[in-house]
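One structure is given below, encoded as structure tokens.
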Amino acid sequence: MTTYVTDTPETGITPGGTSGAFRDVLSKDHARRGKPPLHFVDMTPEERIAKASELGLPKFRAKQLANHYYGHFDVNAAEFTDFPAAKRAEAAEAFFPQLITEVTRQVADQGTTIKTLWKLFDGSLIESVLMRYPTRTTLCISSQVGCGMGCPFCATGKLGLTRNMSAGEIVEQVRVAAKMMCDGEVAGGEGRLSNIVFMGMGEPMGNYKSVLSAVRQISAMPPEGFGISARNITVSTVGVVPGIKKLTAEGIPVRLAVSLHAPSDELRDELVPMNKRFNTTQVLDAAHDYWLASKRRVSIEYALMRGINDQAEHARLLAKRLNHYGDNWAHVNPIPLNPIEGSKWTASKPEDERRFLEILHDAGITATLRDTRGQDIDGACGQLAAKER
């Protein structure tokens with residue numbers, strides 16, 4: 001019998017309802033959200049031992065399962081030759097219920113970019129994007145079904161929030177991608193998944209508990225995790241200040257990315273509704289505090305939109321706001337806006353992009369124009385809409 005998660009995911013950082021200046025934008029399916037099956041990833045080591053005991057297995061069997069999962073990216077218990085044959089089917093059902101099922105896989109960039117559409121236990125759809133570069137392989141993962149932040153230029157934001165994902169659902173995206181790389185399923189042959197970015201569907205700080213659990217398991221060494229360095233994990237947020245402060249206190253050296261998109265409150269109120277709750281000063285102060293605590297430069301994400309936020313005056317104000325803190329604490333990633341169907345927002349002119357970068361560089365700001373991988377399969381930043389094709 002399948003066991004279901006009984007604890008409520010932590011959602012208090014960005015509550016909906018009527019409190020505060022911001023409300024989560026909920027999808028029409030929000031009311032019917034359910035809880036995914038309890039997975040090995042969602043259990044503490046003690047819970048895994050207790051579950052093994054229920055199956056009549058000694059506690060060392062739980063560590064064997066961990067070694068298969070984290071060390072070999074394997075959940076096919078039927079082939080675990082070091083496990084009692086009579087218990088393999090029971091163990092598979094108890095520890096490894098299928099949380100994500102591939103619906104479609106789209107390939108771009110000569111096979112080095114793969115966008116996967118996943119169906120979850122309740123029929124919800126999410127997406128992840130695997131991108132292989134010459135020196136690294138990055139997986140962009142989702143942490144919520146949809147997103148409640150309501151940014152008008154983002155395809156995911158238009159979906160609204162259906163529900164939080166469990167740590168198991170999040171980590172399974174990583175396991176599958178790591179196995180694909182290990183098995184040579186991505187153009188370029190066998191390799192290793194090296195980088196994780198929480199920049200897929202959802203606001204990671206809105207699902208803090210599951211995201212943090214996932215980060216710990218992704219970065220721990222086998223058999224406790226996949227052994228991907230925390231320094232190669234990026235957690236993105238639109239500026240949920242309490243979440244940034246909590247992450248600062250954790251002391252985990254992940255990279256923080258803040259989706260700023262505007263240098264002033266007047267403009268950011270229009271582009272990022274969360275700004276009405278936590279304004280640019282609060283967001284930048286919290287982000288700078290993260291730099292002070294971690295000594296890891298913060299990524300400032302900035303989607304360039306033609307005639308909206310991409311002019312010289314915007315670049316100069318952005319540089320002024322960042323230089324206010326007096327140290328080289330931020331790295332700006334201007335992102336050519338990836339168009340979404342039916343949107344009035346369009347990408348900047350190339351000459352405006354160049355001028356924007358020049359102004360930042362002249363002001364001593366480190367800035368790099370973001371590569372737009374996967375744009376032709378709607379797999380680039382802001383394009384994930386989890387549509388079946």
Side-chain angles (χ1 to χ4, degrees), residues 13-14 24 126-131 138-151 153-157 159 161 164-165 170 173-174 195-215 218-219 228 230-248 250 252-262 268 271-275 278 280 282-284 286-291 294 296-304 329-338 367-368 370-374 379-384:
I13 291 174
T14 60
D24 290 303
I126 60 157
E127 290 177 316
S128 61
V129 184
L130 184 62
M131 297 160 283
T138 299
L139 178 68
C140 177
I141 59 175
S142 296
S143 56
Q144 293 179 318
V145 178
C147 181
M149 298 297 102
C151 300
F153 55 88
C154 176
T156 313
L159 299 176
L161 175 64
N164 281 339
M165 293 171 61
I170 295 170
Q173 297 169 79
V174 180
N195 294 66
I196 304 295
V197 293
F198 283 83
M199 293 183 176
M201 298 173 67
E203 163 56 55
M205 298 302 186
N207 189 16
Y208 188 90
K209 184 178 179 181
S210 291
V211 166
L212 190 69
S213 175
V215 166
I218 292 166
S219 60
I228 297 173
R231 300 182 69 83
N232 291 345
I233 300 173
T234 298
V235 178
S236 178
T237 178
V238 298
V240 183
V241 170
I244 296 173
K245 291 181 176 180
K246 288 184 73 170
L247 188 63
T248 302
E250 302 287 353
I252 304 172
V254 298
R255 184 174 297 282
L256 173 68
V258 175
S259 298
L260 195 68
H261 304 315
R268 197 167 189 264
L271 300 179
V272 183
M274 179 59 77
N275 197 68
F278 304 113
T280 54
Q282 293 172 291
V283 170
L284 292 174
H288 184 255
D289 286 346
Y290 188 84
W291 147 256
S294 67
R296 301 221 61 201
R297 280 198 300 182
V298 176
S299 293
I300 302 295
E301 310 295 306
Y302 195 103
L304 292 167
W329 69 281
H331 180 281
V332 179
N333 279 320
I335 308 165
L337 184 74
N338 297 303
T368 309
R370 173 72 68 81
D371 179 20
T372 54
R373 290 280 290 266
C381 292
Q383 290 187 313
L384 300 187

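Residue numbers start at 1 and run along the sequence shown.
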Does any non-hydrogen side-chain atom of [Y] lie less than 4.5 Å from one of [X]?
{"X": "Lys246", "Y": "Leu212", "value": "no"}
{"X": "Met274", "Y": "Val240", "value": "yes"}
{"X": "Ser210", "Y": "Ser143", "value": "no"}
{"X": "Val145", "Y": "Met201", "value": "no"}
{"X": "Asn164", "Y": "Tyr208", "value": "no"}
{"X": "Ile233", "Y": "Ile252", "value": "no"}
{"X": "Val241", "Y": "Val283", "value": "yes"}
{"X": "Val272", "Y": "Ser259", "value": "no"}

Measure the spacing between [atom1] of [X] and [atom2] of [Y] and express it to the nearest 0.5 Å.
{"X": "Leu247", "Y": "Tyr290", "atom1": "CG", "atom2": "OH", "answer": "4.5 Å"}
{"X": "Asn275", "Y": "Cys151", "atom1": "CG", "atom2": "SG", "answer": "10.0 Å"}
{"X": "Leu161", "Y": "Gln144", "atom1": "CG", "atom2": "CD", "answer": "5.0 Å"}
{"X": "Leu260", "Y": "Leu271", "atom1": "CG", "atom2": "CG", "answer": "10.0 Å"}
{"X": "Cys140", "Y": "Asn195", "atom1": "SG", "atom2": "CG", "answer": "12.0 Å"}
{"X": "Arg268", "Y": "His261", "atom1": "CZ", "atom2": "NE2", "answer": "7.5 Å"}

Treating [X] as the side-chain partner and [Y] as the backbone partner, does any N or O pair qualify as donor plus acceptor under 3.5 Å?
{"X": "Ser213", "Y": "Lys209", "value": "no"}
{"X": "Arg255", "Y": "Ser299", "value": "no"}
{"X": "Arg297", "Y": "Trp291", "value": "no"}

Over all heavy atoms of both residues, which pair between [X] and [Y] is shortest? Give the atoms and the distance, please.
{"X": "Leu337", "Y": "Ala303", "result": "CD1-CB, 4.1 Å"}
{"X": "Thr280", "Y": "Ala262", "result": "CG2-O, 4.4 Å"}
{"X": "Ser142", "Y": "Ile170", "result": "O-CG1, 3.9 Å"}
{"X": "Val235", "Y": "Pro204", "result": "CG1-CB, 4.0 Å"}
{"X": "Ala286", "Y": "Ile244", "result": "O-CG2, 3.6 Å"}

Next item on the list: State which residue, out of Ile218, Asn232, Thr234, fulfils the side-chain contact (heavy atoms from CB on, under 4.5 Å) condition with Ile196.
Entry: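 When side-chain contact (heavy atoms from CB on, under 4.5 Å) is applied between Ile196 and each of Ile218, Asn232, Thr234, only Ile218 qualifies.
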
Item checked: Set of ring pair (Phe, Tyr, Trp, His ring centres under 6.0 Å) partners for Phe198, sequence neighbours left out ->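 If we apply the ring pair (Phe, Tyr, Trp, His ring centres under 6.0 Å) test to Phe198, skipping adjacent residues, there are no hits.
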
Next item on the list: Could you pull out all residues at least two apart from Thr237 that satisfy side-chain hydrogen bond (donor to acceptor under 3.5 Å, both in side chains)?
Entry: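 With neighbours one apart ignored, the set is Glu203.
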
Next item on the list: Take Met149 and Asp24 through the side-chain contact (heavy atoms from CB on, under 4.5 Å) test and state the conclusion after the steps.
Entry: CA-CA 6 Å; Met149 298 297 102; Asp24 290 303; 3.5 Å; yes

